[in-house]
Amino acid sequence: VNVCEKMEDAIINITYIITFGKEIPSVEEAKQIKRIKDVSIELTDPDVPGMLIDLFPWLRYFGHPFVGQLNEFMKGTRYWFNKWKTDELPNIKDNAYEDGNLVYKLLKQVHGSNPLNLTDLHVLYPVWQMFFAGVTTTSETLCSFFNILVHYPNVQSKLHKEIDEILKGEQVKVSDRNDMPYTQATI
């Protein structure tokens, strides 16, 4: 079992809930989102052809193989954005909820009763950037943390003991941080 991959899947789901206010609808859709995330990383990695398009934009007109990935990314982002927009526009028109998710709040600025001078693209790209940046940085940081922690069983024991003593089988709350100095210092 690839623990880092499982952790990334969980973080994708959590970030999706925070950003869009609900769980990813299906396993297939989760795979699509993960594929778009992977392609976006390939597009921005300085060691792969992604940077070539930035440096030499004319390459896209000569059939560079990388252009296919770029098109896949753009098609995927448009598909998902239109799906989210379709889900949220009725709520915006009905002023359904005050404490909406991030996409709802941004789309409300574009399509609400007092719209700002924004377009859907002003919403689409920042949402994707925040979503994938959050997923990538969080999952890679936690994976690195746990990979290091594997080599220090004494630290694992102290963490486990402190967490068990404070939580007593209950779900963790943000306020518990102050009661777990060893855990906070380790993380």
Side-chain angles (χ1 to χ4, degrees), residues 1-54 65-66 69-70 72-73 76-77 79-81 83-84 87 99-106 124-187:
V1 174
N2 184 337
V3 175
C4 291
E5 189 175 307
K6 295 294 182 190
M7 196 176 324
E8 181 182 61
D9 291 346
I11 291 167
I12 287 173
N13 285 319
I14 292 166
T15 307
Y16 192 93
I17 291 168
I18 292 168
T19 308
F20 306 108
K22 57 189 162 200
E23 291 184 30
I24 298 174
S26 72
V27 173
E28 186 56 40
E29 290 176 330
K31 288 178 184 176
Q32 290 173 0
I33 290 172
K34 190 168 184 173
R35 175 66 187 142
I36 294 169
K37 181 206 69 75
D38 292 342
V39 170
S40 74
I41 289 171
E42 292 170 16
L43 291 173
T44 56
D45 188 339
D47 294 335
V48 294
M51 293 305 286
L52 288 177
I53 298 295
D54 285 339
F66 174 75
Q69 287 181 299
L70 184 61
E72 178 185 358
F73 174 75
T77 55
Y79 166 81
W80 280 101
F81 182 73
K83 181 176 176 17
W84 297 321
D87 290 349
D99 293 332
N101 60 64
L102 176 63
V103 171
Y104 170 83
K105 289 180 180 185
L106 291 172
L124 171 63
Y125 293 109
V127 166
W128 273 115
Q129 289 170 348
M130 288 184 293
F131 182 80
F132 291 130
V135 167
T136 303
T137 56
T138 304
S139 60
E140 288 181 10
T141 300
L142 285 174
C143 187
S144 297
F145 171 74
F146 287 115
N147 280 330
I148 293 168
L149 195 59
V150 165
H151 300 286
Y152 296 94
N154 59 330
V155 174
Q156 290 178 46
S157 298
K158 288 179 184 178
L159 285 170
H160 199 276
K161 182 180 178 202
E162 182 178 75
I163 291 169
D164 283 347
E165 286 174 359
I166 300 302
L167 299 182
K168 297 179 177 85
E170 296 293 319
Q171 190 168 3
V172 69
K173 299 179 294 295
V174 174
S175 59
D176 292 328
R177 275 184 7 191
N178 298 330
D179 299 327
M180 297 189 285
Y182 189 79
T183 303
Q184 192 169 355
T186 304
I187 293 174

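Throughout, numbering of the chain's residues begins at 1 and tracks the sequence.
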Next on the checklist: If the condition is side chain to side chain contact (heavy atoms under 4.5 Å, CB included), which residues does Ile17 pass it with, not counting sequence neighbours?
Outcome noted: Glu23
Show me the donor-acceptor pairs, under 3.5 Å and distance only, between side chains in residues 163-176 and residues at least two apart or in other chains.
{"residue": "Asp164", "atom": "OD2", "partner": "His160", "partner atom": "ND1", "Å": "3.0"}
{"residue": "Lys168", "atom": "NZ", "partner": "Glu165", "partner atom": "O", "Å": "3.2"}
{"residue": "Asp176", "atom": "OD2", "partner": "Lys173", "partner atom": "N", "Å": "2.8"}

Next on the checklist: Within the 4.5 Å heavy-atom criterion, are Val3 and Phe146 side-chain neighbours or not?
Outcome noted: no
Item to check | Gap between atom OH of Tyr182 and atom CD of Glu162 - 0.5 Å precision | outcome: 9.0 Å
Item to check | Gap between atom CE of Met180 and atom CG of Leu159 - 0.5 Å precision | outcome: 10.0 Å
Checklist entry - When rounded to the nearest 0.5 angstrom, what distance separates OG in Ser139 from CD1 in Ile14? => result 11.0 Å
Next on the checklist: Take a 6.0 Å sphere around OH of Tyr79 and say whether it holds more than 12 heavy atoms from other residues, nucleotides or ligands.
Outcome noted: yes
Item to check | Minimum-distance pair of heavy atoms, taken over all atoms of Gln184 and Arg177 | outcome: OE1-O, 3.1 Å
Next on the checklist: Give me the atom names and distance for the closest heavy-atom approach of Lys34 to Asp9.
Outcome noted: NZ-OD1, 2.8 Å
Next on the checklist: Within this structure, what is the CD1-CD1 distance for the pair Ile12 and Ile33, rounded to the nearest 0.5 Å?
Outcome noted: 7.5 Å
Checklist outcome for this item: Between the CE atom in Met7 and the CD atom in Glu140, the distance rounded to the nearest 0.5 Å is 11.5 Å
Checklist outcome for this item: Hits for side chain to side chain contact (heavy atoms under 4.5 Å, CB included) against Ser26, two or more places apart or cross-chain, chain-then-number order -> Glu28, Glu29
Next on the checklist: Would you compute the distance between atom OG1 of Thr141 and atom CD1 of Ile11 and round it to the nearest 0.5 angstrom?
Outcome noted: 8.5 Å
Item to check | Steps toward side-chain contact (heavy atoms from CB on, under 4.5 Å) verdict (Cys4, Asn147) | outcome: CA-CA 9 Å; Cys4 291; Asn147 280 330; 4.1 Å; yes
Next on the checklist: If you compare all heavy atoms of Thr137 against all heavy atoms of Gly134, which two are closest, and at what distance to 0.1 Å?
Outcome noted: OG1-O, 3.6 Å
